[in-house]
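So that the names make sense, note that chain A is the first sequence line, chain B the second, and so on, each numbered from 1.
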Protein chains: 2
Amino acid sequence: MTQELVKAFLKPLQKEEALNLTGGKRGRITIHEVASAAGVSISTASKALNDTGRMGAETRERVKRIAGEIGYRPNALARGLLSKRSFTIGLLTTDTYGRFTLPVMAGISDALVDHGVSVFLCAIEDDPALAQTHVDAMLDKQVDGIIATGKRLDRRLPVDLSNLHVPVVYAFTEGTQNSVTFRSDDEQGARLAVEWLAKIGRRRIAHITGPEEFFSVRERAGAYHEVAGHREPVLYGVWSESWGHDAVEQLWKRPGEKPDALFCGNDQIARGAVDALRERGIKVPQDVSVIGFDNWEIVAAQTRPPLTTVDMELKELGRQAGLTVLALAEGRPVEPGVRKLPCRLVVRQSCGGKPPGNETKE
Amino acid sequence: MTQELVKAFLKPLQKEEALNLTGGKRGRITIHEVASAAGVSISTASKALNDTGRMGAETRERVKRIAGEIGYRPNALARGLLSKRSFTIGLLTTDTYGRFTLPVMAGISDALVDHGVSVFLCAIEDDPALAQTHVDAMLDKQVDGIIATGKRLDRRLPVDLSNLHVPVVYAFTEGTQNSVTFRSDDEQGARLAVEWLAKIGRRRIAHITGPEEFFSVRERAGAYHEVAGHREPVLYGVWSESWGHDAVEQLWKRPGEKPDALFCGNDQIARGAVDALRERGIKVPQDVSVIGFDNWEIVAAQTRPPLTTVDMELKELGRQAGLTVLALAEGRPVEPGVRKLPCRLVVRQSCGGKPPGNETKE
DNA sequence: ATTGAATGAGAAAACCTTTTCTCACTTGAC
DNA sequence: GTCAAGTGAGAAAAGGTTTTCTCATTCAAT
């Protein structure tokens, strides 16, 4: 037993010296260093660190301890070369502004960081050539998968991802046949908003929204009609504050009874509407309730009064997209199709009805 | 000559068959496939594709052509393993909101995409553990460098990057000793704003800004005093619309002559100020000029009237940070120190003076 | 004809890690 | 005292690419 011990202590020293003389490399610490410091072979070191193979418990512990002490971290490139997994995914987005991409990104990162996966972010405007460049770069780097995201549910990315040999998941953008797509349930979100207005006693609910060619606009308008009926008009326009402002002008110029609630297609429109109402001396929420869509903090929370609005839970959407692409990368089966994630109502002060306080934060 | 040709055509075919039989691999196309398809060795294929080594022009062309035809793309992992360059950098940010990070990111990506470099985006709130996790993951993946960015010039990231063996560049956040840091020249930006107001004839310029503990607030206030003197007060507050609103109330409640211009610390404050002025029946820009800071499109362009504001050129800042980290990664020398990048005045309608039209877009 | 250089192309090592296979040694049973 | 089984650990291959070294051939010059 003593002999073995002596051997065990002599051997590493010899190797160490030899190695230090030859390879005074400035580079990172490799498993080579660990092995020689621990007086074992590379294979044993590897097996010790990965809890695989057969070896004495003492050896395993010693290798692990020494690896920790000298700060060994395995080279992901070398590991990936063999395992065919780079622990890297690509996020492709057309939303340069970041309004939708950032929460999605946060969710993805959040879901994947525990799995050691990093995310390449590539903002491709609507430039097919740029998109292709980025996709190529990602594939060269052996990404385990790609998540495509955009700023519109009904738009495709300017690059075809359908025949890649890595899994692709679509989030908040239109996917291809037989792909997995995550999107918000705008219908349910709109219903949530209108039902809330109804619940707090509003009866004349108008809907001011974006361009009718947006799929989500039509979906939201559909749900609005289902719940609110057809008593008040739907005003289609653009996604801007000034349109919200103008729409209120239009509504209040019409003869007859005025709406007692406005369901707006996004927070910017809602904000424009609130401003217009205030200018007309109409009190929000006492006289008219206003509800937005998106829960874009910077707009919704800074409006006076702060906007009650519908949150599309984009972070959760990103989280699920991340987990899904990971599952696909690991070969686990995933049912293709479109998954609609429910929206959530964020109650602030622009509707009245219920006191603030249950407002959930981002 | 004919014999050689025949040989050249026979050889690849034989090899091809052999390879197809043995290795019906589902994986990507490797240089192996290129070599056998072209009837040359791997080494020759590599040299042909990289324009290195000695070989006949015809061989080189043939290899290149065939590589193109069968869609060969080199495996960046394998390449990186040898070359010690992963053509990957990490972007670390504490700005989860993306207000500052996104333009910076766009600039970095823009500058580096041509060099084949991809960017890992890691949003670390203020969580040191999360930050360390991300940094470790990046280092494991052998990033060629790291860019650290934040939402405040005078704050450090919650993780120490000073002794990494990869280059680190700081952008819009405080760097460490002997590092390269890029930041906006807030002093010059503020001067730009105040001088513009003076130029269009304003004499009583007040300054409504953020918390005094922000370095950039003090810098901007300093420049403001230099140009405008001390006739009007500086109102320190928070970075919100409501503070802009309140500050105007304060200013107009005071006895005596009122300001004819407001230089605001950011666009949100400016917007709140504009709203407050309108509520008081004061016309912008006829009675009072208002100027913001940040050129945050979503706020600046949607304000009525649209805000004249100072753009910090964050995209350019990102571009330079990207090129710098690349230079460092390639071993080119870079002078350490803080580089201040000039701001740019974006003229919209909230100041009057000059008709709109020279507004530059993002 | 023989040498020398120049040319074209391949063999092999290297990068770092994981995994499979093999080998030597110990232990318990006969 | 021999055998079988079990145990601990190392050798070697693999992954895809680049690079250096070596070899064989050609051609010009002696």
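- Summarising the geometry, the separation between CG on Asn50(B) and C1' on dG16(D) is reported as 13 Å, rounded to the nearest angstrom.
- Here the P atom of nucleotide dT7(C) and the CZ atom of Arg60(B) are 13 Å apart, to the nearest Å.
- Among the heavy atoms of the strands lying under 4.0 Å from Arg54(B) is at least one base atom, whether or not backbone atoms are also near.
- The base of dA9(D) is not paired with the side chain of Ser43(A) by any donor and acceptor separated by under 3.5 Å.
- Distance CG (Leu77(A)) to P (dT17(D)): 13 Å, rounded to an integer number of Å.
- If you take OH of Tyr72(B) and C1' of dT18(D), they are 10 Å apart, rounded to a whole angstrom.
- Contact of Lys47(A) with dG8(D) (side chain to base): no donor-acceptor pair of N or O atoms is detected under 3.5 Å.
- The separation between Ile42(B) atom CD1 and dG15(D) atom P is 11 Å, rounded to whole Å.
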Criterion side chain to side chain contact (heavy atoms under 4.5 Å, CB included) on Leu49(A) and Lys64(A), from CA distance to verdict:
CA-CA 6 Å; Leu49(A) 295 170; Lys64(A) 282 185 178 178; 4.3 Å; yes
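- Using modelled atom types and a 3.5 Å distance limit, the side chains of Thr93(A) and Thr101(A) yield a donor-acceptor pair.
- Under a 4.0 Å N-O distance rule, the pair Glu61(B)/Arg65(B) does not qualify as a salt bridge.
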Kindly indicate, with the supporting measurements, whether the criterion side chain to side chain contact (heavy atoms under 4.5 Å, CB included) is fulfilled by Thr94(A) and Arg156(A).
CA-CA 10 Å; Thr94(A) 53; Arg156(A) 285 245 160 78; over 6 Å; no
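- Residue Thr44(A) is classed as a base contact, given a heavy-atom separation below 4.0 Å to a base.
- Side-chain N/O atoms of Ser41(B) and base N/O atoms of dA9(C) include no donor-acceptor pair closer than 3.5 Å.
- For residues 72-83 of chain A, every residue pair satisfying the side-chain hydrogen bond (donor to acceptor under 3.5 Å, both in side chains) rule, not counting sequence neighbours, is listed here: Arg73(A)-Asp140(B).
- Put simply, the side chain of Lys84(A) and the base of dG16(D) share no donor and acceptor less than 3.5 Å apart.
- Ion pair Arg60(A)/Asp51(A) flagged as a salt bridge, since at least one NZ, NE, NH1 or NH2 atom sits closer than 4.0 Å to an Asp/Glu carboxylate oxygen.
- When distances run from any side-chain atom of Ile31(A) to the nucleotides dA9(C), dG15(D), dT18(C), the shortest one goes to dT18(C).
- Between Ala78(B) and Ala45(B), the one whose closest nucleotide on DNA chain C sits nearer the 5' end is Ala45(B).
- When distances are taken from the side chain of Thr59(B) to each of dG8(C), dA14(C), dT18(C), the shortest belongs to dG8(C).
- You'll find the ring centres of Phe120(B) and Phe120(A) inside the 6.0 Å limit.
- Axis angle, first five pairs versus last five pairs of the helix from dA1(C)-dT30(D) to dC30(C)-dG1(D): 70°, rounded to 10°.
- Atom CZ in Arg73(B) sits roughly 15 Å away from atom C1' in dT17(D) (whole-Å rounding).
- Closest to the Leu82(A) side chain, of the nucleotides dA9(D), dG15(D), dG16(D), is dG15(D).
- Sorted by residue number, the list of members of residues 133-141 of chain B with any non-hydrogen atom under 4.0 Å from DNA chain D is empty.
- Protein atom CG of Asn75(A) is 10 Å distant from nucleotide atom P of dT18(C), rounded to whole Å.
- For Thr173(B) (side chain) and Tyr170(B) (main-chain N/O), no donor-acceptor pair under 3.5 Å exists by modelled atom type.
- Note: CG (Leu81(B)) to P (dT19(D)) measures 13 Å, nearest angstrom.
- Side-chain polar atoms of Lys141(A) and Ser118(B) form a donor-acceptor pair below 3.5 angstrom.
- With Ile89(B) as reference, Ile108(B) is the one residue of Leu326(B), Ile146(B), Ile108(B) to meet the side-chain contact (heavy atoms from CB on, under 4.5 Å) rule.
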